[in-house]
Trainee: 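Below you will find the structure I want to go over with you.
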Number of protein chains: 2
Amino acid sequence: MSAAGKAPLQCADCPIRHRAVCARCEQDELQMLEDMKYYRSYDPGQTMVWAGDQMDFVASLVSGVATLTQTMEDGRTQMVGLLLPSDFIGRPGRATAPFTVTAVSEVTVCCFRKRPFERMMVTTPHIAQRLLEMALDELDAAREWMLLLGRKTAREKIASLIAIIARRSHDGTSLPSRHQVDLPLTREAMADYLGLTLETVSRQVSALKRDGLIELEGKRRIVIPDFERLLGETGDDSDGGPLI
Amino acid sequence: MSAAGKAPLQCADCPIRHRAVCARCEQDELQMLEDMKYYRSYDPGQTMVWAGDQMDFVASLVSGVATLTQTMEDGRTQMVGLLLPSDFIGRPGRATAPFTVTAVSEVTVCCFRKRPFERMMVTTPHIAQRLLEMALDELDAAREWMLLLGRKTAREKIASLIAIIARRSHDGTSLPSRHQVDLPLTREAMADYLGLTLETVSRQVSALKRDGLIELEGKRRIVIPDFERLLGETGDDSDGGPLI
DNA sequence: GGCCGTCCTTGATCCTGATCAAGAACACCG
DNA sequence: CGGTGTTCTTGATCAGGATCAAGGACGGCC
């Protein structure tokens with residue numbers, strides 16, 4: 001993690017620019033963030049935060065993939081969010097975590113101690129505005145996902161998930177016509193995200209492969225020969241679906 | 001929630017206190033809100049905002065019930081939010097509405113012109129903070145709903161919906177042991193909320209009635225003889241579920 | 001009152017995805 | 001290399017909820 005050039009618009013030595021806090025920060029504000037920050041790492045499968053835990057920090061995901069999940073007493077679980085690098089974790093103004101956060105791969109987060117962060121929010125209004133923007137983005141994504149969970153077929157769900165991961169892993173840039181995607185999720189995690197069982201996920205992935213909509217390289221790497229055609233299977237209108 | 005002491009903490013002539021904007025406003029700020037506000041009314045079934053519409057206002061629901069819905073080309077629709085009095089509508093900083101808003105009953109909203117409201121947000125930081133809090137509440141509720149949509153059975157979904165409406169219509173106050181709830185939704189709207197068909201909703205409501213968990217007075221009024229027992233059917237742990 | 005439209009209920013049947021079960025592919029490791 | 005554990009695939013069967021269909025309840029209105 002090398003320090004970036006001069007007067008960087010990012011926390012000094014983070015490899016990514018934290019979307020949440022740095023976009024418009026001045027040098028002295030960046031220094032405040034430096035003073036309250038520290039790094040943590042997690043192994044694949046490790047739970048970073050349990051639902052209900054006291055949280056004395058907020059954080060930004062630097063590298064790796066993590067999930068937000070919710071579990072019923074009898075073990076039924078539903079993933080309610082997928083965290084990729086630059087995503088924000090935690091709630092200023094809330095004492096406890098509402099959902100469980102689990103590392104899917106090797107994960108590094110950049111944490112900010114919560115009290116100082118909250119104090120800084122009061123004096124630095126654009127941070128609250130940026131957090132509001134992010135919360136509204138997440139809210140829109142969650143609501144799009146509600147349509148998927150409530151109304152889409154298994155095939156549409158799988159196609160939507162692959163399309164979303166493809167789009168998110170390219171983060172805004174247009175997709176090459178023949179695109180490779182590294183699925184960060186096991187079949188079981190996909191099932192928990194989509195409200196399906198892992199057997200159904202496996203069957204539908206096989207079906208999409210049989211129909212030539214995707215190709216598999218190993219279990220976790222997917223090649224999308226024709227992205228438009230995959231989008232046609234999602235049930236979404238042409239402009240594409242959510243960006244969870 | 002009556003006005004605390006002097007200098008009323010609410011917009012001058014609104015019958016409710018807007019959760020979003022007034023909590024900590026001083027007299028001069030309330031005057032600014034007065035200057036940018038106007039009222040609109042809608043009839044039952046009337047669509048207030050279409051997904052994709054340009055929106056030049058934000059608003060607070062004063063009376064009535066409205067829904068936030070999303071529709072696929074083939075007509076499958078999913079409700080993604082239920083708006084009750086004091087709920088906020090619209091997004092500062094966003095040009096267009098992401099979802100369709102429809103009045104379920106007679107609805108009155110108090111609108112604030114968006115540009116002045118956004119300008120006010122810059123100079124009045126606690127407004128952005130309050131909006132952030134509300135967005136986080138909605139986000140939590142949406143994610144709880146994802147668990148319902150993805151993992152609960154039809155019976156659990158119905159029980160959860162009734163429990164939520166019961167809790168929300170009493171807005172925080174504890175429930176009397178034998179509680180009446182006015183269902184503001186048709187069977188079809190309930191189905192769209194729960195990711196079911198209206199026939200399944202009807203069957204499950206009948207089943208809950210048959211099992212003595214609810215009683216019906218007419219089609220739309222429900223009596224809950226034992227709220228705890230109803231909660232036992234929701235699949236949630238004892239502390240109760242979301243508050244959408 | 002009688003008619004009509006909307007909303008709701010109930011029944012019969014079908015189908016998608018869940019469940020139960022077995023084995024294959026693969027990585028890791030001694 | 002073979003053994004072991006995890007992840008994935010595929011098959012057989014089941015069941016919950018969707019779909020198709022008919023009719024009932026209720027309110028509004030002439």
Side-chain angles (χ1 to χ4, degrees), chain A residues 43-46 72 74-78 102 104-106 148-162 182-211 214-222 233 235, chain B residues 43-46 72 74-78 102 104-106 148-162 182-211 214-222 233 235:
Chain A
D43 292 326
Q46 193 180 354
M72 298 170 70
D74 61 6
R76 282 177 280 176
T77 90
Q78 176 66 49
T102 308
V104 169
S105 60
E106 206 65 45
L148 177 144
L149 290 171
R151 295 302 187 194
K152 287 190 180 180
T153 64
R155 184 182 176 95
E156 288 169 339
K157 287 178 176 182
I158 299 286
S160 298
L161 179 63
I162 295 173
D182 280 310
L183 261 226
L185 305 174
T186 65
R187 298 286 184 261
E188 185 180 21
M190 291 170 69
D192 284 342
Y193 206 5
L194 299 171
L196 298 170
T197 59
L198 68 92
E199 294 95 330
T200 298
V201 170
S202 182
R203 269 184 254 275
Q204 295 295 338
V205 169
S206 299
L208 289 178
K209 179 182 162 194
R210 172 173 41 71
D211 298 345
I214 59 174
E215 295 157 22
L216 297 182
E217 295 183 352
K219 304 290 176 192
R220 299 287 185 85
R221 167 160 296 190
I222 287 181
E233 297 288 331
Chain B
D43 292 324
Q46 193 179 356
M72 298 170 70
D74 61 6
R76 282 177 280 176
T77 90
Q78 176 66 49
T102 307
V104 169
S105 59
E106 204 70 41
L148 177 144
L149 290 172
R151 295 301 186 196
K152 288 190 179 179
T153 64
R155 184 181 176 95
E156 288 169 340
K157 286 178 176 183
I158 299 285
S160 298
L161 179 64
I162 294 172
D182 279 310
L183 260 227
L185 304 174
T186 65
R187 298 288 184 262
E188 185 179 22
M190 292 171 69
D192 285 342
Y193 206 5
L194 300 171
L196 298 170
T197 58
L198 69 92
E199 294 95 331
T200 298
V201 170
S202 181
R203 269 185 254 272
Q204 296 295 338
V205 168
S206 298
L208 289 178
K209 180 182 160 192
R210 172 171 41 73
D211 298 346
I214 60 173
E215 295 157 23
L216 296 182
E217 295 182 353
K219 304 292 175 187
R220 299 288 185 84
R221 166 160 296 190
I222 287 181
E233 297 289 331

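What you see is a predicted model; the values in this text were computed from it and never measured. In what follows, chains carry the letters A, B, and so on, assigned in the order in which the sequence lines appear, proteins first and then strands, with residues in each chain numbered from 1.
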Trainee: If only side-chain N and O atoms of A/R203 are considered, is one of them under 4.0 Å from the OP1 or OP2 phosphate oxygen of D/dT10?
Mentor: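 The answer is no; no side-chain N or O of A/R203 sits under 4.0 Å from OP1 or OP2.
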Trainee: Whole-Å distance between D/dA12 C1' and A/E199 CD?
Mentor: 13 Å
Trainee: Round to the nearest Å and state the distance from B/E188 atom CD to D/dA18 atom C1'.
Mentor: 15 Å
Trainee: A/K219 has a side chain; which of C/dA18, C/dT9, D/dC8 sits nearest to it?
Mentor: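 Given the options C/dA18, C/dT9, D/dC8, the side chain of A/K219 is closest to D/dC8.
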Trainee: On DNA chain D, compare the nucleotides closest to A/V201 and A/R151; which residue's is nearer the 5' end?
Mentor: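 By nearest-heavy-atom nucleotide position, the 5'-most residue is A/V201.
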Trainee: Tell me the interatomic distance from B/K209, atom NZ, to D/dA25, atom C1', rounded to whole angstroms.
Mentor: 12 Å
Trainee: Under a 4.0 Å N-O cut-off, is there an ion pair linking A/D192 with A/R187?
Mentor: no
Trainee: Of the nucleotides D/dG17, D/dT9, D/dT19, which one has an atom closest to the side chain of A/S202?
Mentor: D/dT9
Trainee: Find the distance A/L185:CG to D/dT7:P and express it as a whole number of Å.
Mentor: 13 Å
Trainee: Separation of B/I158 atom CD1 from C/dC8 atom C1', in whole Å?
Mentor: 13 Å
Trainee: Quick one: label A/L198 by what it contacts on the DNA or RNA (base, sugar-phosphate, nothing), any heavy atom closer than 4.0 Å.
Mentor: base
Trainee: Could you check whether any side-chain heavy atom of B/E156 comes within less than 4.5 Å of a side-chain heavy atom of B/L161, counting everything from C-beta outward?
Mentor: no
Trainee: Would you check if B/L149 and B/Q78 make a side-chain contact, meaning some heavy-atom pair closer than 4.5 Å?
Mentor: yes
Trainee: So B/G195, base contact, sugar-phosphate only, or nothing? Heavy-atom distance under 4.0 Å.
Mentor: sugar-phosphate
Trainee: Just the rounded figure in Å: distance from P of C/dA18 to CG of A/D192.
Mentor: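 The distance from CG of A/D192 to P of C/dA18 comes to 11 Å, rounded to the nearest Å.
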Trainee: In terms of the nearest nucleotide of DNA chain C, which residue is placed more toward the 5' end: A/T200 or B/T186?
Mentor: B/T186
Trainee: Is it true that A/E233 and A/K152 make a salt bridge, defined as a side-chain N closer than 4.0 Å to a carboxylate O?
Mentor: no
Trainee: Expressed in angstrom and rounded to an integer, what is the separation of B/L208 atom CG from C/dT10 atom P?
Mentor: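 Rounded to the whole Å, the gap is 13 Å.
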Trainee: Using a heavy-atom cut-off of 4.0 Å across all strands, would you classify A/S206 as base, sugar-phosphate, or nothing?
Mentor: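 Since only primed, P, OP1 and OP2 atoms lie under 4.0 Å of A/S206, the category is sugar-phosphate.
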Trainee: Rounded to the nearest angstrom, tell me the gap between atom CD in A/Q204 and atom P in D/dT9.
Mentor: 12 Å
Trainee: Taking side chain as C-beta onward, heavy atoms only, is B/Q204 less than 4.5 Å from B/M190?
Mentor: no
Trainee: For C/dC8, does OP1 or OP2 lie under 4.0 Å from any side-chain N or O of B/R220?
Mentor: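 Yes, within the criterion.
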